[in-house]
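Below is one structure, written out as structure tokens, with a few remarks after it.
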Amino acid sequence: MHSFAYKNGSLHCENVNLADIASATGTPVFVYSKKTIADDLAEFRAAFAPLDAHVAFAVKACSSKAILNLMAQQGAGFDIVSGGELWRVINAGGDPTLCTYAGVAKTEPEIRYALEQNIYCFNCESENELREINRIAGEMGVKAPVSVRVNPHVDAHTHKYITTGTNENKFGVDITRIEEVYATIAAEMPHLHIKGLQMHIGSQLTEVQPFVDAAVKVLPIVKKFMKLYGIEFWSIGGGIGIVYDGCLESGKPEWWAAHPELITIRSYAEALIPILKPLGIKILLEPGRRLVGNAAAMLTTCIYEKKGEAKTFKMIDAGMNDIIRPALYEGYHEIWPVQEHCGDEIVADIVGPICESGDFQAQNRRIADVQPGEVLAEMSAGAYGFSMSSTYNSRPLAAEVLVDGDKWSIIRRRQTLEQMVQDECLPE
Ligand code: LLP
């Protein structure tokens with residue numbers, strides 16, 4: 001349950017009026033609710049309490065220092081995909097021994113760094129990667145903890161760019177070959193310690209069934225590997241979807257009661273626990289989006305309106321460089337005026353300042369007829385929002401704010417123009 005709601009005609013995050021933040025920091029700015037993140041992490045833990053389950057937050061969803069620090073303070077582990085993410089976790093006060101390291105193209109310096117930091121496990125995606133880790137561990141005189149990501153060939157029913165668990169995807173080792181690969185590790189790679197098995201079938205799944213199908217399919221393999229190799233964990237990945245359409249209403253329990261078909265942390269746990277519990281194995285969960293997605297909104301200001309022949313455009317001061325999800329995945333984010341409107345709706349495209357036709361945040365959207373100068377909140381912006389932002393069109397990175405009750409703090413200052421170009425130089 002998130003913490004954005006209108007109070008006295010103005011949109012608030014927890015007890016802070018978003019208008020106050022926008023006027024103090026300027027826009028665009030990402031505003032996160034500490035309560036939402038802490039509550040959702042606690043909900044994961046409570047829902048999976050019948051198992052020996054551990055949450056490894058998928059850092060890619062939101063890698064800002066204060067958010068990682070918040071996760072670390074609450075005792076979460078981390079699912080990382082680069083040496084940079086490992087560095088960020090450590091820099092934010094996270095424990096490297098609670099990190100699992102995924103990704104299809106880990107480089108030698110990254111592997112060495114992760115071994116030096118004594119990470120919990122490498123989640124490997126190919127035999128050649130396993131051979132490389134084996135070689136490097138041998139040189140360093142250590143045993144590298146590994147698991148392999150099994151690709152169970154289950155359709156996640158999500159956008160084609162974020163489905164990962166079919167044999168058309170670059171991820172993991174096909175389920176038909178996984179036993180052979182583990183046998184090869186055991187026979188030929190003395191510097192590896194087989195520690196677990198991993199899977200992840202995709203992101204933004206709104207139904208429980210594909211998770212169940214994947215778990216049922218992989219279960220016999222886990223049982224076999226527990227016997228053969230004594231594996232100690234099974235990571236069932238991340239992927240639980242959030243509400244993008246109906247976002248504000250979904251802050252209320254009644255809304256969820258009216259939408260029983262949508263996945264919740266509880267329905268996910270209730271479906272999986274009966275399958276997993278009899279194994280008695282440690283379960284790792286790698287949620288990213290579900291922990292931070294609904295916990296933030298991006299505030300942006302309407303700059304101009306343009307009425308064209310076919311469409312009305314509302315131009316805003318945030319672009320696809322700030323949130324790329326609509327352009328890249330046809331992602332849908334609700335957009336609400338910070339000052340509540342009454343009944344003056346129009347249909348418009350909400351577009352940014354970037355010189356690309358793909359630079360929109362919403363198309364043909366029924367929205368309040370906001371006027372230039374008004375602040376808008378783009379909802380569900382916490383996951384893959386700031387973390388995928390760039391300086392395209394020489395637009396400095398946005399600011400970030402963390403709300404805690406009736407207080408708020410800047411957790412990232414807006415990038416300055418000098419900072420944006422500080423590493424550039426002329427040739428000698
Ligand atoms: N574990 C692995 C191995 C992953 O590849 C991912 C996400 C996660 C966990 C976390 O998945 P989540 O719980 O956040 O769904 N940029 C896209 C999403 C890319 C997801 C990549 N992998 C978007 O904005 O929709």
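Counting starts at 1 for both ligands and their atoms, in listed order.
Legend: residues meeting side-chain hydrogen bond (donor to acceptor under 3.5 Å, both in side chains) with Asp359, ordered by chain and number and at least two apart, are absent.
Near Lys60, meaning under 4.0 Å from any of its heavy atoms, are these atoms of ligand 1: 2 (C), 4 (C), 5 (O), 6 (C), 7 (C), 8 (C), 21 (C), 22 (N). Short contacts between ligand 1 and Gly238, defined as distances under 4.0 Å to a heavy atom of the residue, involve ligand atoms 9 (C), 13 (O).
Considering backbone and side-chain N/O atoms, Arg325 comes within less than 3.5 Å of an N/O atom of ligand 1. For a threshold of 3.5 Å applied to N or O pairs, the pair formed by Gly288 and ligand 1 contains at least one separation below that value. Taking any N or O of Gly239, backbone or side chain, at least one lies under 3.5 Å from an N or O belonging to ligand 1.
Proximity of Arg289 to ligand 1, defined as any heavy-atom pair under 4.0 Å, is shared by backbone and side chain alike. The proximity of Asp79 to ligand 1, defined as any non-hydrogen pair under 4.0 Å, is limited to the side chain. No part of Phe171 comes within 4.0 Å of ligand 1, judged by heavy-atom distances. Within the 4.0 Å heavy-atom criterion, the part of Pro287 lying near ligand 1 is the backbone and not the side chain. At a 4.0 Å heavy-atom cut-off, ligand 1 touches Glu286 through backbone and side chain alike.
Pairing each heavy atom of Leu192 with each of Lys143, the nearest pair is O-NZ, 3.9 Å.
Between Arg112 and Glu116, no side-chain nitrogen of the basic residue sits less than 4.0 Å from a carboxylate oxygen of the acidic one, so the salt-bridge criterion is not met.
Of the listed residues (Gln363, Lys314, Glu378), just one forms a side chain to side chain contact (heavy atoms under 4.5 Å, CB included) with Ile350, and that residue is Lys314.
The side chain to side chain donor-acceptor pair (under 3.5 Å) pairs that include a residue from residues 267-280 are Thr264-Ser267, where partners are two or more places apart or lie in different chains.
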